[in-house]
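Computed from a predicted model, the values in this text were never measured in an experiment. Remember, it's 1-based here, ligands and their atoms both numbered in the order they're listed. Here, residue 1 is the first one in the sequence, and each next residue gets the next number.
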Amino acid sequence: MSTSLGRYPSKVSLFEVGARDGLQNERAVTTADKLILIDQLGMAGLKRIEAGSFVSPKWVPQMADSADIFKQLNKRSGVVYSALTPNLKGLELALDAGADEVAIFGAASQSFSQRNINCSIEESIERFIPVMEAAKAKNIAVRGYVSCVLGCPYEGDIAVSEVARVAELLYKMGCYEVSLGDTIGVGTPVNARKMVEAVAEKVPVGKLALHFHDTYGQALANILACLETGVRVIDSSVAGLGGCPYAKGASGNLATEDLVYMLHGLGIETGVDLPRLIEAGNTISQALGRKNGSKVALALTE
Ligand SMILES: CC(C)(COP(=O)([O-])OP(=O)([O-])OC[C@H]1O[C@@H](n2cnc3c(N)ncnc32)[C@H](O)[C@@H]1OP(=O)([O-])[O-])[C@@H](O)C(=O)NCCC(=O)NCCSC(=O)C[C@@](C)(O)CC(=O)[O-]
């Protein structure tokens, strides 16, 4: 089913990453503030919420309370709460805390892989195999991320063939969905679309998600261009939470409010209640002592 414009879908599934990707790049907030955020996101109608990550607390101290988050969050019926798990230790901690699903995260850039998870792309794939096997044995769905799909802070341009290769490895390994991360938000619409088309030759387009940071203000345009390829899942972060360690003062992920506003304007269903979402974004922005990073939220807040 498509909208009256023909080339866009009638429905898109949103994957909310504010509590993880967003807050991992903000100054630390309390566990209570995170729990309020996650609950408000569920109340706003989001059905897929990344609530934390089980990584080394020395690498990402903002996520150190993830076990408490999963143990204490108010699980809403029909909502899937997921966690990032780079290795078997992360998976065990995530399952112990009650995560519904997990995600492994690789990169299309060797340098980024090395700096982010301290190993090469090949080593990361080796590390993910036991995670996948253990998750499968427990019937836990595993999502995959590929970072640097439109550029790397250390290597610059990244070949789309490399993005497709890593995405295919994750998919063939058993990831039910592969999220394509424009980690530093450098992509532009034609490049983004070409990249998705190249990946879709290796991984069914229905198994792909877009994860575009808004560092250069291009994320909405890139998403619009890519929606024409058949992608139906988009990651975003309420209030545009998150920053970019590679671009001082830059914004984080695309703000969910801005995405929802655009999709609803196109007649695309998301299941999200925009006023409630704005409330969630305003509450966490206040806790962080920062301006809401969503233009739509700013326009619609008195
Ligand atoms: C992957 C490692 C752990 C390898 O780090 P390492 O140093 O190679 O691992 P190690 O196995 O040698 O362990 C070192 C220490 O970490 C501990 N450790 C080991 N594993 C865990 C774990 N799971 N949970 C908690 N602790 C752990 C382990 O116990 C040990 O503790 P120590 O003996 O020093 O006290 C490290 O590099 C790491 O934690 N990296 C985190 C990177 C990260 O979280 N990055 C941000 C998320 S990715 C992202 O944002 C991109 C994405 C997904 O959004 C898409 C996009 O936008 O592009």
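Within a 6.0 Å sphere centred on CZ of Arg276, heavy atoms belonging to other residues, nucleotides or ligands number 12 at most. More than 12 heavy atoms of other residues, nucleotides or ligands sit less than 6.0 Å from atom CG of Asn74. Counting non-hydrogen atoms of neighbouring residues, nucleotides and ligands closer than 6.0 angstrom, the CD atom of Gln286 reaches no more than 12 such neighbours. Counting non-hydrogen atoms of neighbouring residues, nucleotides and ligands closer than 6.0 angstrom, the OH atom of Tyr261 reaches no more than 12 such neighbours. Atom NZ of Lys75 has more than 12 neighbouring heavy atoms from other residues, nucleotides or ligands inside a 6.0 Å radius.
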Would you tabulate the polar-atom pairs, meaning N/O of ligand 1 against N/O of the protein, with distances under 3.5 Å, reported to 0.1 Å?
| residue | atom | partner | partner atom | Å |
| --- | --- | --- | --- | --- |
| ligand 1 | 8 (O) | Asn118 | ND2 | 2.8 |
| ligand 1 | 20 (N) | Asn87 | ND2 | 2.9 |
| ligand 1 | 23 (N) | Phe54 | O | 2.9 |
| ligand 1 | 23 (N) | Asn87 | OD1 | 2.9 |
| ligand 1 | 23 (N) | Gly90 | N | 3.2 |
| ligand 1 | 24 (N) | Val55 | O | 3.3 |
| ligand 1 | 29 (O) | Lys89 | NZ | 2.9 |
| ligand 1 | 34 (O) | Lys58 | NZ | 3.0 |
| ligand 1 | 35 (O) | Lys58 | NZ | 3.1 |
| ligand 1 | 39 (O) | Ser56 | N | 2.8 |
| ligand 1 | 40 (N) | Asn116 | O | 3.2 |
| ligand 1 | 45 (N) | Asn116 | OD1 | 2.8 |
| ligand 1 | 50 (O) | Arg20 | NH1 | 3.0 |
| ligand 1 | 50 (O) | Gln24 | NE2 | 2.8 |
| ligand 1 | 54 (O) | Arg20 | NH1 | 3.4 |
| ligand 1 | 54 (O) | Arg20 | NH2 | 2.9 |
| ligand 1 | 54 (O) | Asp21 | OD2 | 3.1 |
| ligand 1 | 54 (O) | His211 | NE2 | 3.4 |
| ligand 1 | 57 (O) | His211 | NE2 | 3.0 |
| ligand 1 | 57 (O) | His213 | NE2 | 3.0 |
| ligand 1 | 58 (O) | Ser147 | OG | 2.6 |
| ligand 1 | 58 (O) | Thr183 | OG1 | 2.5 |

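Taking the side chain as every heavy atom from C-beta outward, Leu277 and Val260 approach each other to under 4.5 Å.
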